[in-house]
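Before any comments, here is the structure.
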Amino acid sequence: MLDIKMIRQNEDEVKERLATRGVKAEKIDELLAADKKRRELVVESETLRQQKNEVSEAIAQAKRNQQDASQQIARMKKVGQQIKELENNLKEAQTKVEYIASRLPNLPNPSIPVGPDESFNVELKKIGTPRKFDFTPKPHWEIGEKLGILDFARGAKAAGSRFVYYKGLGAKLERAVYNFMLDEHTKEGYTEILPPYIVNNASMYGTGQFPKFKEDVFQVEGQDMTLIPTAEVPLTNYYRDEVIPTEQLPVYFTALTPCFRSEAGSAGRDTRGLIRMHQFNKVEMVKYCKPENSYNELEKMTKNAGNIMEKLGLPYHIITLSTGDMGFSAAMTHDLEVWIPAQNMYREISSCSNCEDFQARRAHIQYRDKNGKLRYVHTLNGSGLAVGRTVAAILENYQNQDGTVTVPEVLRPYLHGLEVIK
RNA sequence: GGAGAGUUGGCAGAGUGGUAAUGCACCGGACUCGAAAUCCGGCGAACCGGUCUAUACCGGCGCGCAGGUUCAAAUCCUGUACUCUCCUCCA
């Protein structure tokens, strides 16, 4: 959520910067008009309330002195009606302001590339060299099915499309991968969390998924419960409606959770394999920090994600997302994309974002600055990494001509020394 | 799933229709070489609005949340969330 006062004071700049994210200037005009109306109504109704309080006090006095107050009571009866009407209008105006404001995305950081879509993303760095195959590399689903470690057909039977069974060494490989990731992040100072996998609407609002993106998630019918689309939601809402003691900042959390996404609107894309599932595991990193440190923290978080791939020996590159490709709550996002040989391209495996105070304002997460004043913290989140996609990348990058898959060194301790999946 | 109790300022804790006691904490002052103790005064979050940018003042809101009754609600009514206890069930 953007600060409405800030928008009031920097109208032109806000319009300009939000335009790069596809928000029309008229939206801001509409918002400010509604806000003006709202403030006018506030003044009106508060004036009446003040009057009400004063007269009520007089009535109380009169009653105490056993005097007649029927005249004042009659007068207040009318004022009460007026207040009620005014406040109905006020509520309407307030609802309108909130409706628009809660659907405005974060202001993009001025340094990021401006453009309407992913073609304007900028590559920062390439790490590792894609392996040269002396045979045609197979897609990971073929490798997995052949080895009997992935079963998409039965996933579809039991649950539907975009679901999968991992079996035997497949399940063990997945477990090895996320245990490895959690261990690495813990070494970097992240506290491991095992959060709820279902959250309420207030939490979904706090991180910015609601109200705008309800179609993207699975909700429990008739209940205030949503299956988390990412651990970012429970991890960031951990401190919702709290003031974090300043000496505890920065706070680093990491968690492995399943993520549930409806994938509405992505029909036909990545229909095969592990890339786009309704349920997948992800190790997430979340940070809370002081505003002045958040961009430094973003760089460190991006490194933490990259570190995992480097240790796994997976080639990847880092890109900075353009204004048009960024998520709703982010001010700046670095995506890490891993090399997928069968597709001959890099595919997203991590997304690290600085949300600045956008989520903190929605979720009321504060700290006290040097002067003891309450300020919003900055929140960051990043995948470290998407586990299913990591398994896909391992299967493809480490495949052998005979259909077996070599286990990356760093994972062998997690698999009792296993060197090859066959 | 059933029954009961609870939710008030940073904490503790009164208040059952007339506009939030008190204690601790906190801030200022006195006393003191200084501190503690004591005394005096102040303060009760956050939030919203106005003056308009002082760094203050005024007002609103505010007793879990949302409604309702009333001239007036922490107090009465309805709904709801959460916590605790007991029963039931269960991994």
Side-chain angles (χ1 to χ4, degrees), chain A residues 1-10 31-102 194-206 210-211 219-226 234 237-248 258 357-377:
Chain A
M1 182 94 88
L2 301 176
D3 183 2
I4 186 81
K5 284 181 201 160
M6 183 277 292
I7 299 177
R8 240 184 260 153
Q9 285 158 11
N10 305 284
L31 174 67
L32 289 176
D35 178 54
K36 190 162 176 232
K37 177 92 186 285
R38 182 193 123 252
R39 280 181 296 143
E40 283 165 6
L41 287 167
V42 163
V43 172
E44 268 188 78
S45 79
E46 287 192 357
T47 308
L48 276 184
R49 274 181 173 274
Q50 186 175 355
Q51 195 187 338
K52 185 195 94 173
N53 287 342
E54 283 162 7
V55 178
S56 289
E57 178 60 37
I59 292 172
Q61 264 315 322
K63 292 255 172 181
R64 263 184 238 121
N65 300 336
Q66 318 234 335
Q67 292 163 339
D68 175 58
S70 54
Q71 245 185 343
Q72 281 146 311
I73 290 178
R75 207 175 113 218
M76 279 304 98
K77 214 162 192 165
K78 279 184 203 139
V79 174
Q81 275 307 316
Q82 282 180 333
I83 292 179
K84 204 165 256 178
E85 276 169 42
L86 263 175
E87 294 200 336
N88 279 338
N89 294 341
L90 177 60
K91 196 176 272 177
E92 216 172 283
Q94 211 136 26
T95 305
K96 184 157 190 199
V97 169
E98 272 161 29
Y99 185 92
I100 302 172
S102 65
L194 200 157
Y197 299 160
I198 292 181
V199 296
N200 56 28
N201 291 337
S203 292
M204 291 295 282
Y205 180 87
F210 284 2
Q219 290 182 268
V220 179
E221 200 176 345
Q223 296 203 62
D224 185 6
M225 289 182 162
T226 301
N237 279 281
Y238 182 89
Y239 280 120
R240 172 155 55 81
D241 295 324
E242 290 192 40
V243 177
I244 306 177
T246 308
E247 66 274 12
Q248 287 178 22
D357 64 5
F358 187 84
Q359 293 179 323
R361 181 168 284 110
R362 289 176 161 249
H364 306 117
I365 309 169
Q366 297 167 304
Y367 75 104
R368 287 188 192 277
D369 68 12
K370 285 191 201 91
N371 305 317
K373 246 193 106 180
L374 284 172
R375 294 184 63 191
Y376 291 109
V377 299

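Keep in mind the model is a prediction, meaning the values are calculated, not measured. Reminder, nothing fancy here: chain letters follow the sequence lines and each chain counts from 1.
Here B:U19 is the nucleotide among B:G50, B:G18, B:U19 with the atom lying nearest to any side-chain atom of A:Ser56.
Base pairing of B:A66 is made with B:U78, judged by Watson-Crick or G-U wobble geometry with both donor-acceptor distances under 3.5 Å. When both pairing distances are held under 3.5 Å, B:A73 makes no Watson-Crick or G-U pair with any nucleotide shown. If you check B:U55 for Watson-Crick or wobble pairing at under 3.5 angstrom, you find it has no partner at all. Across all strands shown, B:A46 forms no Watson-Crick or G-U wobble pair with both distances under 3.5 Å. B:A37 is unpaired under the criterion used here, namely a Watson-Crick or G-U wobble arrangement in which both key atom distances are under 3.5 Å. Remark: B:U85 base-pairs with B:A3; criterion is Watson-Crick or G-U wobble with both hydrogen-bond distances under 3.5 Å.
A:Thr47 places a side-chain N or O within donor-acceptor distance of the main-chain N or O of A:Val43, the cut-off being under 3.5 Å. In this structure a side-chain-to-backbone donor-acceptor pair under 3.5 Å is missing from A:Arg38 to A:Leu32. Distance alone, capped at 3.5 Å, is enough to place a donor-acceptor pair between the A:Thr246 side chain and the A:Arg368 backbone.
In this model, the phosphate group of B:G49 is approached by a side-chain N or O of A:Arg38 to a distance below 4.0 Å at OP1 or OP2. Residue A:Arg375 places no side-chain N or O under 4.0 Å from the OP1 or OP2 atom of B:A46.
Between B:C76 and B:G6, the two P atoms lie 11 Å apart (nearest whole Å). Atom name P, nucleotides B:G9 and B:C31: the rounded distance is 37 Å, in whole Å. Here the separation of B:G68 from B:U53, taken at their P atoms, is 40 Å to the nearest Å. For B:U19 and B:U8, the C1' atoms lie 15 Å apart once the distance is rounded to whole Å. Across the C1' atoms, B:U16 and B:C90 are found 41 Å apart, a figure rounded to whole Å. Using atom C1' as the reference point in both B:A25 and B:C61, the two lie 26 Å apart (nearest Å). Comparing the C1' positions of B:G18 and B:G28 gives a spacing of 34 Å, expressed to the nearest Å. Here, B:C11 and B:C65 have their P atoms 15 Å apart, quoted to the whole Å.
Taking atom CG of A:Leu48 as the reference point, atom P of B:G60 lies 12 Å away to the nearest angstrom. When rounded to the nearest whole Å, the span between CZ of A:Arg49 and P of B:G49 equals 16 Å. Atom C1' of nucleotide B:A72 and atom NZ of A:Lys77 are separated by 12 Å, given to the nearest angstrom. The distance from atom CZ of A:Arg39 to atom P of B:G50 is 5 Å, rounded to the nearest whole Å. Atom-to-atom, CD of A:Glu87 to C1' of B:G68 comes out at 15 Å; the value is rounded to the nearest Å. Per the geometry, CG belonging to A:Asp35 stands 11 Å off C1' belonging to B:C48, to the nearest Å. Per the geometry, CG belonging to A:Asp224 stands 15 Å off P belonging to B:A66, to the nearest Å.
Checking A:Asn200 against A:Ser203 by side-chain atom types alone, a donor-acceptor pair falls below 3.5 Å. Judged by distance alone, the side chains of A:Asp224 and A:Asn201 do bring a donor and an acceptor atom under 3.5 Å apart.
Residue A:Lys63 is classed as a base contact, given a heavy-atom separation below 4.0 Å to a base. Contact annotation for A:Lys91: backbone-only contact, meaning every heavy-atom pair under 4.0 Å involves sugar-phosphate atoms and none involves a base.
Not a single donor-acceptor contact under 3.5 angstrom links the side-chain atoms of A:Gln50 to the base of B:G59.
When side chains are defined from C-beta on, A:Tyr205 does not count as touching A:Arg240, because their heavy atoms never get closer than 4.5 Å.
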